[in-house]
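Note sheet for the following structure.
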Amino acid sequence: MTVLPDPGASRAVLVGTSRYQHLEQLPAVSNNLQALAAHLTGPLSLRLPPRHVTVLENPAAAHTAVSEVRRAAAEATDTLIVYFAGHGLIDPQDTLSLALPHTESGRVETGLPYDWLRQVLLTDSRAERHVVILDCCYSGLALGRMNAASPGLADQASVEGSFLLAAAAETRTALAPVGDTYTAFTGALLDTLSRGIPGGPTLLDLGTIYRHLRRTLGPRGHPVPQARGRNNGAEVALGPNHAVLPDHAVLPDHTAAPDRPARPGRTVRAGGKGAGRRHTLIGTACATALALLAAGGYFIWDQQASQDSKPPAYGIEDSSILRRVKNYKGNKITIGVKKDQPGLSELVDPNRKVFKGFEIDLIEYLLGEIGFQGDIVFEPLFSGERETALKSNDVDLVIASYSATPKREKEVNFSVPYYKTGQSLLMRKSHTREGEVQTWDEKAASRDVALVDMKINRVEDLPDGTDSCTVDSTSSEFMEENPKYKEKFDVQKKEASYKDCIEGLLDEGAVGSYEVISTDDVILAGLAYKYGENKLVRPIRPFKTEEYAVGMKKGDPALEYLLCRAIKKSITGKSWEKYYNTHLKKIMLGKPANPPDEPSCEKRPSSPAVG
């Protein structure tokens, strides 16, 4: 039989975090609190006295929230409602932690463990029924891990005699549309409570609300809610069904922002503990913030940027690669990098396999933003090995001055660009000038002097028969495919690494030495900075554009999307500029940071990932 809580003997504690020091801001949470409090105290809802509703926004510490819940639990003898909205975290034990204003990603000890609230309900409450609504990420963790290996775990994790309603599975995320008044799940819940369900029962019990939310949220592209009940917990009502009320009834409007703040309740401790209680637990809603998919905030979808497509709601578990490495023993991900590109990526300690550079810092940042918290192992690759290493699973990702080209995209996929540069030349410059007339028919040392004297400003200014070096890359392909450049080079040798090229360039006059190296300008700048010792010069501006992207195996659209969001945040949040100034500005002779265009991620990919 459906049960409507007694207003005089019931209490509600509404907790929310809208302002964060280290995580994305969630201004909609403030509206969530006010609107839910208005509903609970409204004349056509539960009609709780305002003094019985405590609103706690941006609590400074975990014990503050726990104390308010404990106080209300001691006062309520009928129904206790506990609500939380904000970011959610997963601790090392795979349990849920609620983020407070000072909480930091990766430091769950700075949050509020959900189990602390659960313990209050189990040991400190006099209420017959408990309703707990958690609008945060990784909501299904409140239900426990539901899988074949541990079929009873959800029962063990719940409060005895409970009804749990989770907005998504324990590994999924939901949406907080940019510009919307409320977060996605709470907005849908408020809409259901205020407008009702046509054809539904007179009272909106939790079971009916759960089934309605499943039918409405799923088609919108939101994660599908999950639920589990005990001891008729699904029959507890949260208010009347407004869709079947008389036409003259005045309904509270939950579709607009509330025009008054909720009044915090005055709590009075009423000691004692009850026995044989029936408990109802409404579980969690999850939404994840821009580039905080694993840290567990709100995924902010810009409706204006993508009105014609459903927004994907991806988390770490939606990516086949990240799901595999997350569950792999040791929780390790292998990244293919270069070992000989000073400024970009360089092996600085071969014994411990330590790398440094712009690309190293950037990939560590990107992986952190999309949710990976395990070990990162860097594997050095030559340019010609990158596609093979990805396809054979020798590496999980590649960030190695890797340009996306139509040829490569037939074999692997790429993220949006994270760096833009262009192909150029690196040449020797002489410390002394012997002789007044030099020709290209003389020895290499004389030719070197002549190169400088000729004031090379373009590739076309090079004399025919120039000995050049490159590696197996887009630079060599460009030279081979363009006759006007190909004829300029008598010898165009492909070395395995740029270090081999630079050694041949500096070995002036030796058999097999080179007169120029041709590749991307940022790579040449690093080589000149480390090896040049005032012997090298980049004489021309880049003559072909290159854009570097992260390479990955085909068939992981979720990873593409997550990386796009993370790269976008690195640009807008100034991390990109920080890494450039640390590693590249000095070798680029003080040139200011010039990041690639801010990417649009709303339509990447066009359809959600499967699995």
Side-chain angles (χ1 to χ4, degrees), residues 320-322 324-325 328 332-364 366-367 375-415 417-419 421 423 468-481 492-504 514 517-520 522-524 526-527 530 544 546-556 559-560 563:
S320 58
I321 288 178
L322 294 179
R324 175 177 59 79
V325 298
Y328 182 75
K332 178 181 69 174
I333 190 168
T334 303
I335 309 297
V337 296
K338 290 296 186 69
K339 67 176 182 179
D340 59 351
Q341 295 181 355
L344 280 175
S345 177
E346 185 179 17
L347 180 61
V348 294
D349 187 340
N351 294 328
R352 294 189 299 155
K353 228 174 187 180
V354 176
F355 292 78
K356 73 173 184 179
F358 173 87
E359 291 182 329
I360 302 301
D361 282 0
L362 182 64
I363 194 62
E364 290 177 343
L366 298 180
L367 289 173
D375 294 330
I376 303 174
V377 177
F378 296 108
E379 185 66 33
L381 298 175
F382 294 126
S383 294
E385 297 176 331
R386 292 174 293 197
E387 288 90 51
T388 302
L390 282 170
K391 292 166 63 177
S392 62
N393 291 323
D394 291 334
V395 298
D396 299 300
L397 297 172
V398 169
I399 183 167
S401 57
Y402 202 12
S403 300
T405 66
K407 180 180 178 180
R408 290 171 176 169
E409 287 178 337
K410 293 179 181 179
E411 300 186 65
V412 298
N413 282 356
F414 290 90
S415 70
Y418 63 81
Y419 195 89
T421 182
Q423 188 172 347
S468 71
C469 183
T470 186
V471 299
D472 188 7
S473 66
T474 56
S475 298
S476 61
E477 292 175 1
F478 180 75
M479 292 298 192
E480 293 170 351
E481 295 169 1
Q492 181 176 262
K493 185 173 181 179
K494 296 180 186 178
E495 294 282 9
S497 70
Y498 291 107
K499 186 176 181 181
D500 294 330
C501 282
I502 202 71
E503 289 175 351
Y514 308 115
I517 300 174
S518 182
T519 190
D520 302 334
V522 65
I523 297 174
L524 297 178
L527 296 175
K530 180 169 184 177
K544 181 175 72 73
E546 296 284 345
E547 290 186 322
Y548 298 157
V550 180
M552 66 198 79
K553 285 188 67 174
K554 284 186 171 294
D556 200 339
L559 181 57
E560 290 184 59
L563 282 173

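Just so you know, these numbers come straight off a predicted model, no measurement behind them.
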Compare all side-chain heavy atoms of [X] with those of [Y] and state whether any distance is below 4.5 angstrom.
X	Y	answer
I333	L367	yes
F378	T334	no
L559	K553	no
Q423	T519	no
V337	I399	yes

How would you list, by chain and number, every residue that makes a side chain to side chain donor-acceptor pair (under 3.5 Å) with [X], sequence neighbours excluded?
X	value
E346	K530
S320	D556
N351	none
E546	S403, T474, K544

Kindly write out the residues that satisfy side-chain contact (heavy atoms from CB on, under 4.5 Å) with [X], not counting sequence neighbours, or none if the list is empty.
X	value
P380	K339, K353, F355
K554	N413
E385	L381, F382
K407	T405, E477

Exercise. Residues in salt bridge (Lys or Arg N to Asp or Glu O under 4.0 Å) with D520, at least two apart?
Worked result: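 Salt bridge (Lys or Arg N to Asp or Glu O under 4.0 Å) check on D520 returns nothing, list empty.
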For this session: With sequence neighbours left out, write down each residue that passes salt bridge (Lys or Arg N to Asp or Glu O under 4.0 Å) with E411, or none if nothing qualifies.
Result: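 With neighbours one apart ignored, the set is K391.
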For this session: Could you list the residues that satisfy ring pair (Phe, Tyr, Trp, His ring centres under 6.0 Å) with Y418, not counting sequence neighbours?
Result: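 None.
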Problem set entry | Exam field: side chain D396 to backbone I335, donor-acceptor pair closer than 3.5 Å |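 No, the answer is negative, given that no donor and acceptor are paired below the 3.5 Å cut-off.
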Residues [X] and [Y]: side-chain donor-acceptor under 3.5 angstrom:
X	Y	value
S401	Q341	yes
K356	S345	no
E547	Y402	no

Tell me the closest heavy-atom pair linking [X] and [Y], and the distance in Å.
X	Y	value
M552	L397	CB-CD2, 3.7 Å
V395	E379	CG1-CB, 4.0 Å
V522	T421	N-OG1, 3.5 Å
F414	E560	O-OE1, 3.7 Å
E359	A400	OE1-CA, 3.6 Å
D340	P342	O-CD, 3.4 Å

Problem set entry | Rounded distance [0.5 Å steps], SG in C501 versus CG in L527 |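 It comes to 8.5 Å.
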